[in-house]
Amino acid sequence: MTKLQNAIVGGVRAVLGHVPASWLPGGTPDPLIDKRVALGRQQARVDGPDKVRGAAQFAAEVPMEDLLYAAFVHSTIARGNITDLDVSAAEAAPGVALVMTYRNAPKLGVPPTVGLTNLKAAGNHTLPIMQDPEVRWNGQVVAVVLAETREQADHAATLVRVRYDSAPARTRFEEGKNSAYTPESILVERNRLDKGDARRKLAEAAFKVDAVYKTPWENHNPIEPHAATIVWRDGKLIVHDATQMINATAGSLAKVFGLKADEVHVSSPYVGGGFGAKAMWDHQILGAAAAKLAGRPVRVTLSRASMHRLVGGRMRTEQRVALGADAEGRLKALLHHGYGVKPRHSVCDEGFSLTGRSLYASESFDVVQHYVDLDLLANSFMRGPGETPGTFAIECAMDELAHALGMDPIELRRRNAATRDPVSGAPHSQNAMMEAYDLGAARIGWSRRAAEPGSRREGEWRIGMGCASGTFPFTRMPGTSARITIDGNGDAHVASAAHEMGMGTATVQRQHAADRLGLPLDRVTVTIGDSSLPFAGLAGGSSQTASLAAAISAASGKLAVQLMRLAGNDTPLAGLKPSEVEFADGGLRSVDDPARHESFTSILRRAGRSELSVIGESGAPLEILKFSMHSTSAIFCELRVSDVTGEIRVDRLVGAFDCGRILNAKTAASQFKGGMIMGLGMALTEETLLDERTGRIMSTSLADYHVPVHLDVPDIDVLWTDIPDPRAPLGARGIGEIGTTGVAAAIANAVFNATGKRLRDLPLTLDKLI
Ligand code: MOS
């Protein structure tokens, strides 16, 4: 966030530019890029049968004796103070155990916030939680009701009477823009980018487009609502949570309640969808505080309304993109300026302006983003943060430029394809976005697209096709660790406090560990989802697979060393260095002479050991500062727009992805499709409706906030280049976030192709088309 951070990152980057690649992580390509047996195959999820049978236990399903259920009362003003609180009727209601407000809540610290420097921090805002009468957003929790049943708690919550002394609140976007603030950095990047005199080059360009694109506030709606089952036992806090940051939640709760690290235990074996939302919000803290007050276990399951009021969503953005090109379509200038709503108490960046810095080889850049500080709920990360709204603006602008040039939009992208990072000059680790375009164009039948907008029609329907690029940077979390244990039978057991949100974490790492250790799949187990396991960073930013892969890989190196030590001299491997052996056939063998082999079982037996455990860790991700590492995609859409009603029907979506090697076709395809469906929702229906007079969210149910349903979702084809990234563990970059990026632009571009109408304001509702 600071100038200091910019200086440090800039300095490290400059130094790494001169350091030989072989000194860095990823300097030597992972041998498993090519030597794969289980990896790359389609494997069903290891937790699939348990989930289908209902045996997989989610946070709100953990049985517990003497349980109380929580319901929340939310403030109805955006700013001010509580003057009067009458909880007597609620307390007297059937089944109510207690009502907690700022008057009787225990002292609660402010949790350390999610960020780059503290891996044990999970806080999403910096405001005090139920410590005083002050209200800072419309929807803030002002009372927690605990009762014997959920229904009793919900009923009693309606009986709490609150009076406020309202203060003037800032809730209007247009007004907020006038006092917007400009951060020094966005995530690890410097915010302001001014390279090559972009304004002059834009003015002089033969062809240009210059427009403003708008994306709305969006709320998270995973199938599983945020939930936690919480109990205090012997002074220790035990939380069964639905979270994509297990260790960070445990660490933060310890700070909030003044506990030692080992006095908080967080378990979260299954999460029903995260997407950036399953983090620590006020509900775990309030639930734990209320449980402490009541001396009984508490279950918090957020209603959809509570989710919308206390779990942040994707910030609203307004982005100006101006592109200048020469007569051949080569980009001379790229300007990207914009506003996003990020209250000062918010901590999550939405780096929409980072998108255009890596995609195309422009001669010059003028990029900066500003934040609008309003009295609203803190925003959060949401699938493809930054690049999801960013690609809407950049990729619609590219389509507008192609139209202005009279050029095929794929050809325009081909002419501007970056061969290295256009800003830093860093080499790509691997990039084949144009091959993704070729794959996707062939699959959708791009040659059928009419160049002239509005020229294809079937009855009342106008037909169109569009395309857009997607992109998301690679990252790897430092500090993620994994333990490998080899037991007396020679089987391997991998353990880490990593997360399963439906993406197949254990499934894929089991494939990985099997190949890494030369074992068949059925001799490997993977245990995740509990803070007592070796430390793992958060599952976010599409980084968990790479982080965990790096940790398992490091652990396997240590395992070889330890096994060779145990093997001693009385072994066929005697005299070999650890670097001269490899894992194969349930043991170690000489790289040069495969006949020299000893099994794990034999080594352990001779050493009198029943098992051997080692822990490895994912180190600092220096490779991302030396190489330009981005997953990319080409998204295609074919749709119909009704002349009569303006209704849009998406008939086909094709996503062609260039994300390095794909580790499991089944879980990867489902990640990509899920992401694309979120992009479809963003394009057509999703929008958090805010009453700007009061700061009150109006759309707090799935009846008001529209996510795509089955009838909205077309045939979705996903394809991938499957070209290994030599700098990434397993040759694989992230695949979680990128599915959503580019989709809304591809759809908006197809609407233009169908109708000749250019919509720059999401969602693309029918009123905008008639
Ligand atoms: Mo990522 S924002 O956790 O989908």
Side-chain angles (χ1 to χ4, degrees), residues 113-116 119 121-124 186-188 215 217-224 226 241-249 268 270-281 307 311-315 317 340 342 346-352 354-355 378-391 470-477 480 498-505 528 536-548 630-631 633 657 659 667-668 670-679 681-682 686 707 733-744:
T113 53
V114 145
L116 305 168
L119 299 171
N124 267 296
I186 307 287
L187 301 172
V188 296
T215 65
W217 180 350
E218 290 185 299
N219 266 112
H220 281 285
N221 279 288
I223 288 180
E224 176 204 35
H226 291 62
D241 197 9
T243 178
Q244 55 194 98
M245 35 187 83
I246 291 171
N247 285 126
T249 298
S268 186
Y270 303 107
V271 178
F275 316 114
K278 289 279 173 63
M280 199 174 73
W281 294 91
M307 271 185 65
V311 175
R314 192 195 301 285
M315 65 172 64
T317 77
K342 183 168 181 276
S346 247
V347 297
C348 297
D349 272 316
E350 180 90 45
F352 54 82
L354 303 181
T355 308
N379 66 292
S380 102
F381 293 129
M382 187 166 181
R383 212 173 203 169
E387 278 72 8
T388 292
T391 48
T471 180
F472 201 79
F474 171 84
T475 193
R476 194 161 59 70
M477 295 292 163
T480 289
H499 313 81
E500 172 54 52
M501 310 191 278
M503 70 287 244
T505 308
I528 57 172
L538 59 90
S542 302
S543 66
Q544 185 176 252
T545 300
S547 311
L548 205 44
H630 298 262
S631 283
S633 67
F657 294 90
C659 303
T667 53
S670 103
Q671 281 277 37
F672 289 138
K673 286 184 186 176
M676 289 171 74
I677 293 168
M678 284 182 81
M682 179 191 195
E686 292 189 44
V707 298
R733 290 191 301 269
I735 63 169
E737 323 271 344
I738 189 170
T740 306
T741 69
V743 175

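Whatever order the structure lists them in is the order used to number ligands and atoms, beginning at 1. Here the structure is a predicted model, which is why all the values come from computation and not from measurement.
In terms of polar-atom proximity, defined here as any N/O pair under 3.5 Å, M382 makes no such contact with ligand 1.
Looking only at distances, a side-chain donor or acceptor of Q244 sits under 3.5 Å from a matching main-chain atom of A539. Checking side-chain atoms of T475 against main-chain N and O of S543 turns up no donor-acceptor pair under 3.5 Å. Checked by atom type and distance alone, the side chain of K342 never pairs as donor or acceptor with a backbone atom of N379 at under 3.5 Å. Within the 3.5 Å criterion, the main-chain N or O of C348 finds no donor-acceptor partner in the side chain of S346.
Of all non-hydrogen atoms in G276 and S380, the two that sit nearest each other are O-OG, 3.9 Å.
For G274, the heavy-atom gap to ligand 1 stays at 4.0 angstrom or more.
Ranking the protein heavy atoms by distance from atom 4 (O) of ligand 1 puts E737 OE1, 3.0 Å first. Annotation: atom 3 (O) of ligand 1 to nearest protein heavy atom, Q244 NE2, 2.8 Å.
There is no side-chain donor-acceptor pair under 3.5 Å between T471 and T741.
Using a 4.0 Å cut-off to heavy atoms of G540, the atoms of ligand 1 that qualify are 3 (O). Listed by number with element, the atoms of ligand 1 under 4.0 angstrom from any heavy atom of F381 are 2 (S). Atoms of ligand 1 found under 4.0 Å from any heavy atom of P385, numbered from 1 in the order shown, are 2 (S).
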